[in-house]
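Taking it in order: structure first as structure tokens, then the write-up.
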Amino acid sequence: MGENLVIVESPAKAKTIEKFLGKGFVVKSSFGHIRDLAKKDFGVDIKNQYKPIYIVPEDKKKIVSELKKFTKSAKLIWLASDEDREGEAIAWHLSEVLGLTEENTRRIVFHEITKNAIRNAVDNPRKINYNVVQAQQARRVLDRLVGFKLSPLLWRKIKPSLSAGRVQSVAVRLLVEKEREILNFKTSSSFKVSAIFSFEDSDGKKVEIKAELSRRLKNLIEAQGFLRQCGQASYEIVRLETKSLKRSPAPPFTTSTLQQEAGRKLGFSVAQTMSVAQKLYEAGKITYMRTDSVNLSSLALNTVKKVIEGEFGSKYHQFRKYQTKTKGAQEAHEAIRPTYIENKDIDGPAAGVRLYNLIWKRTMASQMSNAEIEKTIATISISNMSDVFTATGEVIKFDGFLKLYSVTTDEDIENGSKTILPPLREGEKLNYEMITASEKFTQPPFRYSEASLVKKMEELGIGRPSTYAPTISTIQNRGYVVKEHLDGNERDIIVYELTEDKIRESKKREKYGREKSKLVPTDIGMVVNDFLIEHFKSIMDYNFTALVEKEFDEIAAGNLEWVKMIDTFYSDFHVRVEKTLKESEKTTGERVLGVDPDSGEEVLVKVGRYGPLAQLGKVREDYKPRFASLRKNQRIETISLEEALDLFKLPREIGDFEKNSMIVAISKYGPYIRHDGKFYSLTKQDDPLSINSERAIEIINTKRKEDSKKEIKIFSENKNLRILNGRWGPYISYEKKNYKIPKNYNPEELSLKDCLSIIANSKNKKSGKRKS
DNA sequence: CAGTGAGCGAGCTTCCGCTTGACTT
């Protein structure tokens, strides 16, 4: 048994470190925090100096008892949790729970998992820094106060099970404000002029260049007039400039930039990126994936240098040291990089391989030379106007890091790729081949994707690498936000083309507003957001986290008592909570749309118990209002009176079929026909308001045909039991439940008895439901 | 899979940050 017990946070880390430390050291992991505030009874004794009530959560008890066992047989305990606020707190909780003393405890830290760093740490132990622990305690208690006071307020005033918190509520606010910016956006159009010019080169060959007018034209009259003038003009290159530009690589990955690039380049969701990265980390392929640091260990820097020089030559290498600009970064780890940079490729599942390659390239590129680019700008005069055209071209003189990696931004995608210009000279006379003025509409801002929201949150210092992905799941799970593909719309744009002194007008269809996988706030998200902003402006402020972080820093530096800080915050906060509880009405986000011309009743929309709804008339003694759920793409803020009135036209009876009536309605899952106790979905092309009985019968028959194909076998003895063909192959359906058919059976040869025994067997398996 | 939305008001929900599993119906 080792004399030394080292405790780190992550089990994968423990394995590596044990190798470095060798004999006499046992390395175990705490799996993160081992204690947390109790959930019941608030977990903070507010009246008693905000005393935190800590407990060991159920799922951590086993780990704690194991650590206790190892502690007993060790002479020295080395607390090697991360060097940041949370890590310091973990060290303290460990020392409390394991009953450690100052004599048998050493606190050590390292920022990189290399032999030298760890040796160095062991040689320079210190004590637990209680100021930092207090700063963490303040952070933890503040979050509990905010979360567990605001959430119940929402249950009372809006809807049960809702939640609010320092991080999630501000994330939702970002989305709500972006959405309103888009809703309120007033689009306008102008004309963009582009031209194709030609000239003969020294060999007499015709060469074409593309150019653009440096300004937009206001409207179609101006565009027509401009082109008319162009028809009469002559053109000349009056100036030729070249500029050399340098482009530098991006720093190595942090959690947030990895999520962004994996989203853009590989189409991964934030959660997917993290789970793939976790697997790579556990397999020892990459360094830790939850980090805000762009730093690389000196060992890594040396290997990168060697690999770049070996692979591309020494002029491709450039040593660089990056600095974190992120607010509140704690830099307890390295940047995300391959553990062994010499491994360009790895084996394993495709997602892991792709993410690894991305990390490898980014790490390598971050230590490569600048790209040198020569930009050429040709200015082309128009003889009868003072306006000029410009043609720009870019030539890469030295590719440098671009050999491996380039960051694609959303703007790049919009502007298209850069062009290369043919050899040009000043004074060259040009002929126009075609000059085009096409209408361009201004565009509202893009909505946030998961990754771009993470980027924004990081900029504001809200959330941490370990919480970006969970926060994004939370706001979706609470129903504040949905991830959507927005189809966009089409519109006509006017295009004028000038060729051979003739102007031709045409109209083109243009798609716009199409967005893939974007986060869109729901009605409930908006109502909750507005409520919180009205009553808790300071907590919803984008700077709130930054402000309290400053105070946490003061606590960590020993200049401020944590209880004092919390008390200052709470005394004001508490008053607001109580006031809101007493004074504010139940909030539904109600909006009155107008009056129904048929009934004379008022039409309104609001958030109800089960989501957004339209209501016809208010409750009176002699009148019960009608209700209808809003459809998926309808929003309280934008729905019109006409659209709301249409909702009350359903359910609709559209005739009989086989002596049973057919009723059309819309449910949570979309429009359907109900007939003889069965349900048939309408297709996207069918409009529930106008569908006729003929089409409805067609749908019913199609569905019946498909269903019969699904049946592999039925038993006349027991009609409840059927063998069906599903998405994942054959299965048994019995009394509304489905059962998997074990692989060694042939589904077509199963007897009723076989089926029942399969069902009995699968029922015997424990249905392990767990409380969390 | 396929609605619901008045009122008795039980008993439940909830935060942020550290970590990794349990699972596939």
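Remember, predicted model here, so these are calculated numbers, not experimental data. Throughout, protein chains are lettered first and strands after them, A, B, ... in sequence-line order, and every chain is numbered starting at 1.
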Q) Is there a donor on the side chain of A:Arg140 or the base of B:dC15 sitting less than 3.5 Å from an acceptor on the other? A) yes
Q.
By a 5.5 angstrom centroid cut-off and a 30 degree plane limit, is there stacking between A:Phe31 and B:dT19?
A. no
Q: Compute the centroid of each ring, for A:Tyr281 and then for A:Tyr288, and state whether the two points are separated by less than 6.0 Å.
A: yes
Q: Determine, answering yes or no, if A:Phe148 is stacked on B:dT14 under the 5.5 Å centre rule and the 30° plane rule.
A: yes
**Q.** Reference residue A:Glu86; test salt bridge (Lys or Arg N to Asp or Glu O under 4.0 Å); the match among A:Arg139, A:Arg464, A:Arg140
**A.** A:Arg139
**Q.** Side-chain N,O (A:Gln615) to OP1/OP2 (B:dG5) below 4.0 Å
**A.** no
Q: Check for a donor-acceptor pair, side chain of A:Asp82 on one end and backbone N or O of A:Asp84 on the other, with a separation under 3.5 Å.
A: no
Q) Can you say whether the rings of A:His93 and A:Tyr54 are parallel (under 30°), tilted (30 to 60°) or perpendicular (over 60°)? A) perpendicular
Q: Tell me whether the guanidinium CZ or amine NZ of A:Lys149 lies under 6.0 angstrom from the six-membered ring centre of A:Phe42 and within 45° of its axis.
A: yes
Q) With distance as the sole criterion, do the side chain of A:Arg139 and the base of B:dC16 form a donor-acceptor contact below 3.5 Å? A) yes
**Q.** Per-pair stack call A:Trp155 and B:dT13, 5.5 Å, 30°
**A.** yes
Q: Write down the distance separating the C1' atoms in B:dG9 and B:dT13, rounded off to the nearest Å.
A: 16 Å
Q. So what does A:Ile34 touch, heavy atoms closer than 4.0 Å: a base, only the sugar-phosphate, or nothing?
A. nothing
Q: Using whole Å, report how far CG of A:Asn477 lies from P of B:dC16.
A: 13 Å
Q. Which dot-bracket string describes DNA chain B (Watson-Crick N1-N3 plus N6-O4 or O6-N4, or G-U N1-O2 and O6-N3, all under 3.5 Å; [ ] crossing; | other strand)?
A. .........................
**Q.** A:Phe536 and its side chain to side chain contact (heavy atoms under 4.5 Å, CB included) partner, picked from A:Val146, A:Asp541, A:Val577
**A.** A:Val577
Q: Dump the intermediate steps for ring-ring contact (aromatic ring centres under 6.0 Å, His included) on A:Tyr50 and A:Tyr570, then the final yes or no.
A: CA-CA 10 Å; A:Tyr50 305 94; A:Tyr570 187 72; 5.8 Å; yes
Q: Would you state whether a donor and an acceptor, one from the side chain of A:Ser629 and one from the base of B:dG5, lie under 3.5 Å apart?
A: yes
Q: For A:Val167 and for A:Pro612, find the nucleotide of DNA chain B with the closest heavy atom, then tell me which residue's nucleotide is more 5'.
A: A:Pro612
